[in-house]
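In what follows, a structure is listed as structure tokens, so that the remarks can point back to it.
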Amino acid sequence: MNKVFNFSAGPAMLPPSVMAKAQKELINWQGLGTSVMEVSHRGKPFIAVAEKAESDLRKLMDIPSNYKVLFLQGGGRGQFFSVPMNLAQRGKVSQHLVSGQWSQIAVAEAEKYMQADVVAKTQEREGKLWVPTQDHWEIDDNAAYFHYCPNETVDGIEIDWVPKSKGVPIVADMSSNILSKTIKVSDYGIIYASAQKNIGPSGLAVVIVRDDLIGLARKDTPSVFDYQQQSNNDSMYNTPPTFSWYLAGLVFEWLLENGGVNAIEVLNRKKAELLYACIDASDFYQNKVADENRSKMNATFHLADAALDAKFLEQAEHAGLVALKGHRFVGGMRASIYNAMPLEGVQALVSFMQDFEQKHG
Ligand SMILES: Cc1ncc(COP(=O)(O)O)c(C=O)c1O
């Protein structure tokens with residue numbers, strides 16, 4: 001087996017023990033002589049998988065009983081339009097904090113369905129990208145909802161505080177940081193996440209929605225994206241992505257077996273500290289994000305001499321450290337260090353970076 005440490009931003013690496021279990025069960029799942037992909041979603045064996053995945057996620061995130069958990073299709077972008085469509089009856093205007101590419105795209109999509117106001121944007125402060133804190137802007141009490149993205153995958157920008165509103169539901173795109181740290185679900189009206197970073201295969205979206213925000217959709221909302229329809233049908237109004245749901249369940253089990261979100265948060269912090277310490281150790285590597293907004297899931301960095309980029313990537317790959325190229329809009333490097341990335345992966349990257357600097361600095 002070719003062992004590499006995969007720093008891809010998504011689809012991202014999954015825990016090796018989960019992949020091994022899925023492989024072992026692939027052809028003969030639960031002794032049924034078929035794979036999980038080949039059985040009806042309405043049959044008892046799959047219903048048990050679906051229910052266990054939901055209950056494990058509820059345990060992991062301590063999701064209160066007045067929230068529904070939906071397993072939907074369409075990934076993160078599917079929610080960019082589902083949210084405005086589903087909350088239309090709450091008002092005509094949504095408000096948005098734009099901290100990077102993803103929250104910007106969410107605005108463009110919301111604008112198709114309602115007026116979408118931007119309350120603030122990431123700006124440059126002392127040469128670094130910084131997200132204005134809430135003392136610089138306000139949420140209008142009449143807004144239908146407030147949307148933000150607590151972890152911007154492209155630039156590696158994290159917002160470590162929860163916006164406060166007087167009753168306006170806070171909607172968070174947690175695609176790239178769900179399950180990476182403890183959060184209080186009741187701070188939010190809706191939390192959604194595409195699966196391909198900390199949950200499982202791409203295409204799946206997990207949506208955690210407070211009961212009172214269900215049933216407020218525009219009349220023309222397609223049924224498969226209507227929270228009410230999907231909630232009434234336990235996310236099986238249409239045939240759900242059964243394999244993705246099953247795999248998400250394995251990832252939730254893995255996380256529970258490894259101490260849950262509290263334990264992974266400690267490890268994630270350690271990984272990020274190690275990597276940023278290496279970046280900060282000299283001017284050879286530079287991170288362009290303000291300290292308070294540095295992402296613990298996606299660490300971006302540039303080499304002071306961009307002419308060395310190609311060599312860096314080639315040698316990293318040779319050392320088994322793959323998918324470090326930064327997003328095409330940003331350039332440089334990006335190391336995505338989601339839950340499944342072990343500490344040894346980050347240690348290997350840091351030692352490669354130190355070595356590369358010694359040779360080329
Ligand atoms: C923060 C964030 N939101 C949304 C998306 C879009 O997800 P999808 O490609 O599943 O539509 C991504 C994709 O990487 C993301 O990182």
Side-chain angles (χ1 to χ4, degrees), residues 6-14 70-86 94 96-112 116 118 121-122 129 131 145-160 162-163 170-181 183 188 190-209 222 224-225 235 240-241 243-245 247-248 251 268 289 293-300 323-330 334-341:
N6 175 6
F7 294 89
S8 167
M13 73 171 287
L14 290 165
L70 305 175
F71 289 81
L72 305 180
Q73 294 176 69
R77 283 183 192 252
Q79 292 308 306
F80 289 172
F81 65 79
S82 293
V83 169
M85 291 195 101
N86 275 280
S94 58
H96 299 254
L97 173 60
V98 170
S99 49
Q101 317 275 346
W102 290 112
S103 46
Q104 180 70 65
I105 298 170
V107 174
E109 209 62 8
E111 267 171 348
K112 295 178 183 170
V118 174
K121 278 187 166 194
T122 288
L129 295 171
V131 183
Y145 66 92
F146 174 83
H147 182 278
Y148 83 120
C149 177
N151 190 75
E152 286 282 1
T153 324
V154 172
D155 285 293
I157 294 175
E158 181 175 338
I159 301 167
D160 217 359
V162 184
I170 306 290
V171 179
D173 172 4
M174 294 199 187
S175 291
S176 50
N177 70 345
I178 194 164
L179 292 169
S180 69
K181 62 176 186 181
I183 57 141
Y188 302 87
I190 299 175
I191 293 168
Y192 67 86
S194 56
Q196 63 269 25
K197 294 112 174 14
N198 271 337
I199 296 179
S202 57
L204 176 72
V206 170
V207 183
I208 302 165
V209 51
V224 291
F225 293 111
S235 306
F243 187 74
S244 302
W245 199 333
L247 210 79
V251 172
N268 285 336
V289 181
N293 291 128
R294 282 177 163 187
S295 167
K296 285 181 274 303
M297 293 285 100
N298 313 96
T300 50
L324 284 163
K325 193 171 196 284
H327 190 279
R328 62 192 186 282
F329 292 164
V330 178
R334 171 175 53 177
S336 295
I337 49 176
Y338 301 120
N339 287 353
M341 175 59 67

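In listed order, ligands and their atoms are each counted from 1. Position 1 is the first residue of the sequence; numbering continues from there.
- In this structure, atom 8 (P) of ligand 1 lies nearest to the protein heavy atom Gly76 N, 3.5 Å.
- Closest to atom 14 (O) of ligand 1, if we only count protein heavy atoms, is Lys197 NZ, 2.8 Å.
- For the ligand labelled ligand 1, residue Cys149 lies inside the 4.0 Å heavy-atom shell.
- Distances shorter than 4.0 angstrom do not occur between any heavy atom of Glu152 and any atom of ligand 1.
- Without hydrogens or angle criteria, Thr300 side chain to Gly156 main chain gives no donor-acceptor distance under 3.5 Å.
- Electrostatic pairing of Lys296 and Glu158 counts as a salt bridge here, judged by a charged N lying under 4.0 Å from a carboxylate O.
- Annotation: Lys325, atom NZ; neighbour count of heavy atoms from other residues, nucleotides and ligands within 6.0 Å does not exceed 12.
- Partner of Tyr338 under the side-chain hydrogen bond (donor to acceptor under 3.5 Å, both in side chains) criterion, chosen from Asn268, Asn198, Asn298: Asn298.
- From the protein, the heavy atom lying nearest to atom 13 (C) of ligand 1 is Trp102 CZ2, 3.3 Å.
- Ligand 1 lies nowhere less than 4.0 angstrom from a heavy atom belonging to Gln79.
- In this structure, the protein non-hydrogen atom closest to atom 16 (O) of ligand 1 is Thr153 OG1, 2.5 Å.
- The contact set between ligand 1 and Phe80, taken as ligand atoms under 4.0 Å from a residue heavy atom, comprises 4 (C).
- By the 30° and 60° cut-offs, the orientation of the rings of His96 relative to His147 is tilted.
- Taking every non-hydrogen atom of Ser175 and a distance limit under 4.0 Å, the qualifying atoms of ligand 1 come out as 1 (C), 2 (C), 3 (N), 4 (C), 15 (C).
- When only non-hydrogen protein atoms are considered, atom 11 (O) of ligand 1 lies nearest to Arg77 N, 2.8 Å.
- An N or O contact shorter than 3.5 Å links Asp173 to ligand 1 by distance.
- Protein heavy atom nearest atom 9 (O) of ligand 1, with residue, atom name and distance: Gln196 NE2, 3.5 Å.
- Of the possible polar contacts, none joining the Gln79 side chain to the Asp173 backbone as a donor-acceptor pair under 3.5 Å is found.
- Remark: ligand 1 and Ser176 share no N or O pair separated by less than 3.5 Å (distance only, no angle test).
- Ring-plane geometry between Phe81 and Phe225 is classed as perpendicular, the angle between the planes exceeding 60 degrees on a 0 to 90 degree scale with a lower cut at 30.
- Here the closest heavy-atom approach between residue Ala205 and residue Gly75 is recorded as CB-O, 3.4 Å.
- Distance alone, capped at 3.5 Å, is enough to place a donor-acceptor pair between the Ser175 side chain and the Ser194 backbone.
- The ligand atoms of ligand 1 that sit less than 4.0 angstrom from a heavy atom of Ser194 are 7 (O), 10 (O).
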